[in-house]
2 protein chains.
Amino acid sequence: MALVEKASAKLEALPLYARVRNSLVDRMISGEWKPGESLPSEFAIAEELGVHQGTVRKALDTLTAEGLVVRRQGRGTFVAEAEDQSILFRFYRLTRNSGNKETGFPDSRYLSQIKSSASPQEQALFGISGRDYVWRFERLRSDVTGPILWEQLIVPEKRFPDFSEKTQLPNNVYQFYGANYGIIVAKVAEELRAVTGSREVCDLLEMPPASPLLEIDRRAFALDGKIVEWRISQCRSDTMHYRNELK
Amino acid sequence: MALVEKASAKLEALPLYARVRNSLVDRMISGEWKPGESLPSEFAIAEELGVHQGTVRKALDTLTAEGLVVRRQGRGTFVAEAEDQSILFRFYRLTRNSGNKETGFPDSRYLSQIKSSASPQEQALFGISGRDYVWRFERLRSDVTGPILWEQLIVPEKRFPDFSEKTQLPNNVYQFYGANYGIIVAKVAEELRAVTGSREVCDLLEMPPASPLLEIDRRAFALDGKIVEWRISQCRSDTMHYRNELK
DNA sequence: AAGTGGTCTAGACCACTGC
DNA sequence: CAGTGGTCTAGACCACTTT
């Protein structure tokens with residue numbers, strides 16, 4: 001039952017706490033603990049794996065730093081939900097320019113929602129074949145002041161088997177992925193560019209044609225390292241900006 | 001000599017390791033240890049402050065996570081330099097689009113360099129008065145393929161007393177701040193927008209007039225929490241993009 | 001009161017660096 | 001070889017949450 005024989009530990013590449021961390025991640029991937037559910041206590045994990053509680057703590061500290069679990073004193077350790085660490089700042093960096101009025105979380109209007117075969121680029125991105133399908137969503141996000149951004153969202157059908165033309169994506173899609181498919185978004189990579197808005201998008205955003213827009217090309221990675229979502233957004237840049245803090 | 005009486009620890013708001021961390025940061029701010037210099041060993045700090053070595057380790061782990069120190073097994077603990085954690089990715093997120101040819105670190109050509117009184121916005125930003133001065137640098141950064149970005153860089157004279165019209169800023173200004181003024185840039189906040197390039201900037205960047213440019217408004221914070229540099233960059237967005245990874 | 005995570009001390013041993 | 005940071009165990013006590 002021990003995670004590894006301690007005698008062989010010296011031969012292993014990774015320190016013990018890192019192997020504990022990995023074994024916990026594996027069990028999250030397998031779905032043993034879904035987002036929002038609690039993990040066993042430090043002592044329980046330590047006993048199960050045959051290591052000291054302090055070593056388990058270090059593994060859990062690592063997971064906390066990675067944002068994969070949330071620990072609450074007196075309550076327990078929980079698989080992080082997309083809600084935790086305030087999605088608004090974790091994955092949503094767009095902010096109104098000033099007059100910091102809270103305009104609330106943006107609402108989404110879906111413009112289209114179709115299943116189609118994966119393009120070569122999508123095949124490469126998602127690691128799927130030409131016979132596989134992807135779902136493409138096109139939506140317009142607005143807050144009380146009006147339209148903010150236009151967005152195309154693409155996911156591989158394989159990982160979201162029972163989608164249909166009627167599937168309603170909620171505002172917080174990452175929580176939706178977690179709750180319904182056990183998919184934990186562990187990392188997001190974004191590329192930002194300034195582009196000239198097409199006539200169609202400018203119309204949707206209620207801007208003059210050829211306005212400069214902030215384009216965000218985002219890939220969301222699941223715990224297993226594979227891309228589960230590709231998203232291209234074009235955002236008004238007159239009233240909004242993208243915030244980033246580097247430490 | 002002890003950091004705090006342990007008896008009074010219960011009354012303190014912060015845990016011991018956090019107070020150790022803060023006292024170490026204070027000494028970095030005071031200039032006792034400058035960027036690149038080494039701190040005392042864990043045991044030495046522990047003895048000096050009258051705490052256990054494990055507590056000092058936790059404080060140093062925190063500082064490592066914050067990027068303020070770098071630890072090297074067998075050698076010691078060093079105040080982080082701007083070079084550490086590879087400046088290219090820490091504070092320089094601009095990358096060529098594809099054909100990932102390494103085009104090298106961009107070179108800078110200075111277009112102007114003047115001292116002038118602080119505008120109201122600059123007074124607020126830097127916390128200085130209307131009688132204080134700022135230095136404004138305007139530069140064009142290029143790599144082997146040509147111009148990449150135009151940039152205006154503003155620093156308060158107070159913190160950089162012996163600047164002159166002849167001061168040559170090196171490419172890596174943060175290392176320069178550290179080595180020459182003991183200023184450790186602890187945090188950088190950026191706001192990104194898409195803008196329409198002015199005729200002058202488009203000319204400098206060798207782009208058609210009114211091209212969409214990626215504008216980056218950046219404030220650099222020193223260890224003491226004050227802003228030490230304000231920078232506005234406008235970057236070509238046809239060949240370059242801004243990369244960001246959210247975890 | 002019992003169970004959880006958070007802090008702090010204690011000490012052993014390992015791995016790496018530089019003399 | 002001595003000195004550094006890195007890992008791992010061990011156990012005490014505290015703070016918070018739930019029952």
Side-chain angles (χ1 to χ4, degrees), chain A residues 2-24 33 36-80 84, chain B residues 2-24 33 36-80 84:
Chain A
L3 180 63
V4 291
E5 303 311 320
K6 255 169 278 168
S8 73
K10 295 162 193 168
L11 306 175
E12 299 289 337
L14 289 175
L16 189 49
Y17 75 87
R19 278 173 282 148
V20 171
R21 177 253 175 221
N22 289 342
S23 92
L24 294 174
W33 308 304
E37 293 179 6
S38 71
L39 273 61
S41 74
E42 290 179 353
F43 282 102
I45 295 172
E47 191 184 10
E48 181 190 357
L49 300 181
V51 302
H52 188 263
Q53 166 264 347
T55 304
V56 174
R57 174 179 294 274
K58 183 146 188 183
L60 290 171
D61 283 348
T62 306
L63 290 173
T64 302
E66 296 174 290
L68 296 179
V69 303
V70 173
R71 315 196 72 189
R72 286 191 259 267
Q73 186 171 135
R75 301 207 36 216
T77 303
F78 304 83
V79 180
D84 297 325
Chain B
L3 179 64
V4 291
E5 303 312 321
K6 255 169 279 169
S8 72
K10 296 161 194 169
L11 306 175
E12 300 287 338
L14 290 175
L16 190 49
Y17 74 86
R19 277 173 282 149
V20 172
R21 178 253 173 222
N22 288 342
S23 91
L24 294 174
W33 307 304
E37 293 179 4
S38 72
L39 273 61
S41 74
E42 290 179 353
F43 282 103
I45 295 172
E47 192 183 8
E48 180 189 356
L49 300 181
V51 301
H52 189 263
Q53 166 264 347
T55 302
V56 174
R57 175 180 293 274
K58 183 145 190 186
L60 290 171
D61 283 348
T62 306
L63 291 173
T64 303
E66 295 174 289
L68 296 179
V69 303
V70 173
R71 314 197 72 190
R72 285 190 259 268
Q73 185 171 133
R75 299 206 38 215
T77 303
F78 303 84
V79 180
D84 297 324

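By convention in this document, chain letters (A, B, ...) are assigned in the order of the sequence lines, proteins followed by strands, and residues within each chain are numbered from 1. Please read these numbers as outputs of a predicted model, since none were measured by experiment. Values below: every heavy atom of this structure, side chains too, minus hydrogens, waters and symmetry copies.
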*How close or far is atom P of C:dT7 from atom CZ of B:R19, stated in whole angstroms?*
12 Å
*CD of A:E47 versus P of C:dG3: gap in Å, rounded?*
13 Å
_Just N and O in the side chain of A:T55: are any of them under 4.0 Å from OP1 or OP2 of D:dT9?_
yes
*asked:* Please report the interatomic distance NE2(B:H52) to CZ(B:R57), rounded to the nearest 0.5 Å.
replied: 10.5 Å
*In whole angstrom, give the distance that lies between atom CG of B:L63 and atom P of D:dG5.*
13 Å
Pairs under 3.5 Å (N/O, protein and nucleotides 17-19 of chain D):
residue: D:dT18; atom: OP1; partner: A:R75; partner atom: NE; Å: 3.3

*asked:* If you compare all heavy atoms of A:A80 against all heavy atoms of A:G67, which two are closest, and at what distance to 0.1 Å?
replied: CB-O, 3.2 Å
*Checking only heavy atoms, does the side chain of B:R57 share a donor-acceptor pair with the base of D:dG5 at less than 3.5 Å?*
no
*Looking only at side-chain N and O atoms, does A:K58 come under 4.0 Å of OP1 or OP2 in D:dT7?*
yes
_Side-chain N or O of B:T77 versus OP1/OP2 of D:dG5: is the shortest distance under 4.0 Å?_
yes
_Keeping B:R21 on the side-chain end and B:L63 on the backbone end, is there a donor-acceptor pair under 3.5 Å?_
no
*Output the distance between atom CD1 (A:I45) and atom CD (A:E47), rounded to the nearest 0.5 Å.*
11.5 Å
_A:L49 to A:S23 - nearest heavy-atom pair and separation_ = CD1-OG, 4.1 Å
_Applying side chain to side chain contact (heavy atoms under 4.5 Å, CB included) to A:L24 and A:W33, what does each step give before you reach the verdict?_
CA-CA 9 Å; A:L24 294 174; A:W33 308 304; 3.7 Å; yes
*Can you sort out the partners of A:R71 under side chain to side chain donor-acceptor pair (under 3.5 Å), two or more places apart, ordered by chain and number?*
A:E42, A:T77
_Shortest non-hydrogen contact between A:L60 and A:V69, atoms and distance_ = O-CG2, 4.1 Å
*Heavy atom of residues 36-43 of chain A under 4.0 Å from DNA chain C: which residues?*
A:S41, A:E42
Under 3.5 Å, N/O pairs linking protein and nucleotides 10-12 of chain C:
residue: C:dA10; atom: N7; partner: B:H52; partner atom: NE2; Å: 3.4

*Rounded off to whole Å, could you give me the CG-to-P distance for the B:D61 and C:dG6 pair?*
15 Å
*Among all residues two or more places apart in sequence or in another chain, which pass the side chain to side chain contact (heavy atoms under 4.5 Å, CB included) test with A:S38?*
A:F78
*Starting at CZ of B:F78 and ending at P of D:dT4, how long is that distance when rounded to a whole Å?*
11 Å
*Please report, rounded to the nearest Å, how far the P atom of C:dT7 is from the CZ atom of A:R71.*
10 Å
*Residues in side chain to side chain contact (heavy atoms under 4.5 Å, CB included) with A:A65, at least two apart?*
none
*Can you tell me the distance, in whole Å, between the CD1 atom of A:I45 and the P atom of C:dT4?*
11 Å
*Looking at A:V20 and A:A59, what are the two nearest heavy atoms and their distance?*
CG1-CB, 3.6 Å
